[in-house]
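Remarks on the structure that follows.
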Amino acid sequence: MVNNPGTYGFCCIAWRAHLLDDEGKAVYAGNTTPTEAWNAKSLRDVRKAMVKGEKLDVCNKCWFQEDTGKDSYRHRHNSEWTQRLGKEEILRRVKETEENDGYLSTPPDYLDLRLGNLCNLKCRMCNVFNSNQIEKEHHSLRKSNRYVDMWAKQWPHTSPDSDPFPMDWVEAPEFWNELNGYVPNLKKVYFTGGEPTLLQSTYDFMQEMVDKGVQDKVDLMFNTNCTNAQPRFLEMLSKFRHVQIQASIDGTGLVNDYIRAPSHWQTIKKNFIALGRLPNVKLNMSPAIQIFNILNIDKIIEFGEEVSRKQDRVIDIDFLYVTHPTYLDVSNFNEEVRNLAFLKLQRVQESWLYEKSQITKNSVDSYLNVLENNRNENWKENITDFWDMTDLIDNKRKQKFKDYIPDVYEMIKDDK
């Protein structure tokens, strides 16, 4: 994968898993080719550790999900790529890495591309690395000492005073020459951002695949905020055999408008439905579960069921657990809120979509387990950070938490 600032990684779920060279320095798309990154020392070390069955710290999100009973990224990718490539080919690659110090000669079959941080939203759980709009806001908010303190806690390896991230790597000829060279053998490409529908490089790479005639062989996957279903994007999607859309929908109505400012729910709803009408599109949702939407999850599932029935399809809803920033983690809630969230989510087990979608069922069941866990031992500190950050952003955006999400506000205001 290529991260928004141009660093390479090996998994979007892995925490701070930037690839490092033999000297321990981050490999960067502006001065390192994808092929060099593919066998960087740290990635060779990851392969060797995985083959031995070691639980890497950077993979804690998968271990956490599996402990709750959720199908993790690890589980899903093991299953998907064994089906796509065959068990014999997987074992051949494993053997090659075992015999060659983690080195793998076979090029990537799957690319995860984050081609910059251009975005039109400022989602509450997002960050400067994934949204240039948050980056602009950040440079204003960092005048507050309290904001700087919270930034340092959440991002201890970066400085809040850093200049905007350079994005010149996106235009590096060496990078694109090699990436384009992978096209004939690719089986899947995942685009996210920023917002991938706004990135010119997204369209350029899709066109490269069309020009090389692989649009019937490569599956595309998009993570999109559904603010932009312009004809240009829909037309390009129609050229490919199979497209999976993971819509980042974190709430309905005012909950959406608050979490994912400055978007508007009616626009999101209209574009989501329009994407679902394309015959080659598999439409899904991936809500990021957090303090703000914990009492709105049932409404998200109701919306998914409504569209599923109208379009005669099954929309899978795959929960993402917000554990960072730590102050948005629902484990900071008191027992009263978690019990209410549990009861609302428990009722979803009687829904049509719960019965029809295994992914939705797995998400609901596993999150019920999460809600039964003990309260976060650092909840007092985290709740203080939550209120301070919420107030800072509210003042900046001229919003009020209590006006948009009054049910959650009323239940936690006494913890302020």
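Note that these values count all heavy atoms, side chains included, but never hydrogens, waters or copies made by symmetry.
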Scan Leu104, Thr106, Leu19 and name whichever one has a side chain to side chain contact (heavy atoms under 4.5 Å, CB included) with Trp38. Leu104

Less than 4.0 angstrom from a charged side-chain N to a carboxylate O is my criterion; do [X] and [Y] meet it?
X      : Y      : answer
Asp112 : Arg114 : yes
Lys48  : Glu54  : no
Asp216 : Lys239 : no
Asp394 : Arg124 : yes
Asp407 : Lys344 : no
Arg146 : Asp388 : yes

Kindly assign one of parallel, tilted or perpendicular to the pair Phe319 and Tyr367, based on the angle between their ring planes and the thresholds 30° and 60°. perpendicular

Are [X] and [Y] close enough that their ring centers fall under 6.0 Å?
X      : Y      : value
Tyr327 : Trp387 : no
Trp379 : Phe333 : no
His138 : Trp155 : no
Tyr404 : Phe292 : no

Ignoring hydrogens and angles, state whether a donor on the side chain of [X] or [Y] is under 3.5 Å from an acceptor on the partner side chain.
X      : Y      : result
Gln207 : Asp211 : yes
Gln349 : Asp365 : yes
Lys282 : Asn284 : yes

Can you establish whether the number of heavy atoms outside Lys356 located under 6.0 Å from its atom NZ is more than 12? no

Heavy atoms from other residues, nucleotides or ligands near NZ of Lys402 exceed 12 (cutoff 6.0 Å): no

Side chains of Val218 and Lys187, heavy atoms from C-beta outward: is any pair under 4.5 Å? no

Validation row: His75, Glu66 side chains within 4.5 angstrom (heavy atoms): yes

Going by the ring pair (Phe, Tyr, Trp, His ring centres under 6.0 Å) test, name the single residue among Phe205, Trp169, Tyr182 that passes it with Phe175. Trp169

